[in-house]
Amino acid sequence: MTNKSRRVAVLGGGITGLSAAFYLLKLAKERGETVEVTVLEGSDRLGGRIHTLRRDGFVIERGPDSFLARKLPMIRLAEELGLIGELTGTNPQAKKTYISREGKLVSMPQGLVMGVPTDSDKFMQTELVSEQGKLRALQESELPGEAKAEDDSVGAFLERRMGKEMVERVFEPLLAGIHAGDLYKLGLEATFPQFKRMVEEHGSLIAGTRAAQQHAAAAAKTGGGASVSSAAPELPASVFLTFTNGLSTVIEALEQRIRAEGGNIRLEAKVREIEPIAEPKEAAYRLHMLDGTVCEADQVVVTLPAYVAEELLAPHMDVSALSAIRYVSVANVVLGYAADGFGHELDGSGFLVPRGEKRLITASTWTSAKWRHTAPEDKRLIRCYVGRANDEQGVELDDEAMTAAVRGDLRDLMGLEAQPEFVEITRLRRSMPQYPVGHVGAIADFRAELAQKLPGLFATGAAFEAVGLPDCVAQGKQAAEALLAN
Ligand code: FAD
């Protein structure tokens, strides 16, 4: 683009949209360009799925609660926003995770990495899987390798490699929880591509996982770990990180920085139509808001849920790649207790509930044990998840029925009888995108057509490449780089 003062509209004020706006302003400044950025957020608050509630000394997450430390874009963003000192890791004493089996909490077998058994002696000691199931899983290293070109579902792939029982009792609760999905419908290439690569490169998941462990240990010895910058103080040694005052910290810092750099943020600006402007034109796109207002822009970044992007783009192109992405609704039930009378030792980070157990709760985080900053010393905080693919009706229970059912599950599984001091329920309807088999190829085709039909318009965010917060930050930054390169 020759015009040095380009106008860019960013649709959506979640982490992807705000990252895109932040990096647009930052990168343009570094290049000596001027860019007018306007974020159009449809609701009355920024953050999208990120939403921290701070009350009575508790830090309560209504959506995501942390991010993977090994994926660096979030840490780099924190550094750029001056937030490195606010990062905190999980409590090292709360390592244990439980899985429910026939109503009893069984400790997750040791020697499992992402569900793959790397230490057969330790794995053989678990009661979670039958003897036959364990032996079948360990045979995986002797199965022939695979180099299947076309995509597969995660469930079909893992069942073929590790056996059905391991999928039901270990992989399903462990992996499906990330997407609240059905492993037999989620595409492998889009969700866990590393599994496919391991088998292609090492012949089996077990050999591939062991190789990755050795590589990580060697990198740690030579100091080749997650170094962010020489200026960054030592990060907490933790697989997951968050901010001591909650994830909304990063949203608040992004908002402040975007405004300080001259960016414009509009709330309650719900976009209902994207109109490409025909020649002669002053701008490439006119964005029509629900309230009748209009915003003109030379370039546009769409960071909306797939079903919203689908509606806006359908008049201009084939949107079948977006309509193929189903969304699952979930609810988040947070219970706060007085430590006095709680009557239960939280000796781990929480538990997972396989589908076959037929409970309302799909998983529970023992938040005050896992994340020490989240509750005052004399309080306890428990978070329960409700709803997953093919099992979403529980999300619509009214507050009273949901609280009673969740407390019933906690009583049965943990023996927790205490009366909570408060319960916070958040329903996140259509919040979890389910990448179908073939998603990666379908999105590549969609983007190629988008570039042709609507030049200067980019679509990105959780519906596209990956749902994790660092992935969303990376996607926002990539969109900013792509826009500035045009
Ligand atoms: P969103 O956050 O959905 O933002 C999209 C924005 O677009 C919203 O603000 C919305 O209001 C706005 N919008 C919608 N329609 C319009 C319109 N027409 N016009 C203008 N604006 C509009 N990830 C992790 O890494 N760690 C976790 O612990 C984790 N836990 C999760 C727990 C839950 C319950 C959920 C739902 C997700 C979790 N995730 C987690 C995933 C992660 O939170 C999301 O992938 C990420 O926040 C999505 O960010 P986004 O900006 O792409 O989309």
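Note: hydrogens, waters and symmetry copies are ignored here, and every other heavy atom, side chains too, is used. One-based numbering, in listed order, for ligands and for the atoms of each. Bear in mind that the values here come from a model prediction, so they are computed numbers and not experimental data.
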Answer yes or no: is there a donor N or O on one side and an acceptor on the other, between the side chain of Ser238 and the main chain of Thr90, under 3.5 Å? yes

With the threshold set at 4.0 Å, does a side-chain nitrogen-carboxylate oxygen contact exist between Arg6 and Asp298? no

Once you measure the plane-to-plane angle for Phe446 and Phe464, does it fall in the parallel (<30°), tilted (30-60°) or perpendicular (>60°) bin? tilted

Angle between ring planes, Tyr327 versus Tyr307, binned at 30° and 60°: parallel, tilted or perpendicular? perpendicular

Just checking, Lys370 and Phe240: is the charged tip under 6.0 Å from the six-membered ring centre and within 45° of the axis? yes

What residues, two or more places apart in sequence or in another chain, satisfy side chain to side chain donor-acceptor pair (under 3.5 Å) together with Tyr285? none

What does the contact table look like for ligand 1 (nitrogen or oxygen on each side, cut-off under 3.5 Å)?
{"unit_1": "ligand 1", "atom_1": "2 (O)", "unit_2": "Arg49", "atom_2": "N", "d": "2.8"}
{"unit_1": "ligand 1", "atom_1": "9 (O)", "unit_2": "Glu41", "atom_2": "OE1", "d": "2.6"}
{"unit_1": "ligand 1", "atom_1": "9 (O)", "unit_2": "Glu41", "atom_2": "OE2", "d": "3.2"}
{"unit_1": "ligand 1", "atom_1": "11 (O)", "unit_2": "Glu41", "atom_2": "OE2", "d": "2.6"}
{"unit_1": "ligand 1", "atom_1": "18 (N)", "unit_2": "Val271", "atom_2": "O", "d": "3.0"}
{"unit_1": "ligand 1", "atom_1": "19 (N)", "unit_2": "Val271", "atom_2": "N", "d": "3.0"}
{"unit_1": "ligand 1", "atom_1": "21 (N)", "unit_2": "Gly42", "atom_2": "N", "d": "2.9"}
{"unit_1": "ligand 1", "atom_1": "25 (O)", "unit_2": "Leu469", "atom_2": "N", "d": "2.8"}
{"unit_1": "ligand 1", "atom_1": "26 (N)", "unit_2": "Ser66", "atom_2": "O", "d": "2.7"}
{"unit_1": "ligand 1", "atom_1": "28 (O)", "unit_2": "Asp65", "atom_2": "N", "d": "3.2"}
{"unit_1": "ligand 1", "atom_1": "28 (O)", "unit_2": "Asp65", "atom_2": "OD1", "d": "3.4"}
{"unit_1": "ligand 1", "atom_1": "28 (O)", "unit_2": "Ser66", "atom_2": "O", "d": "3.3"}
{"unit_1": "ligand 1", "atom_1": "45 (O)", "unit_2": "Val467", "atom_2": "O", "d": "2.5"}
{"unit_1": "ligand 1", "atom_1": "51 (O)", "unit_2": "Ile15", "atom_2": "N", "d": "3.2"}
{"unit_1": "ligand 1", "atom_1": "51 (O)", "unit_2": "Thr16", "atom_2": "N", "d": "3.0"}
{"unit_1": "ligand 1", "atom_1": "51 (O)", "unit_2": "Thr16", "atom_2": "OG1", "d": "3.2"}
{"unit_1": "ligand 1", "atom_1": "52 (O)", "unit_2": "Thr16", "atom_2": "OG1", "d": "2.7"}
{"unit_1": "ligand 1", "atom_1": "52 (O)", "unit_2": "Ala462", "atom_2": "N", "d": "3.1"}

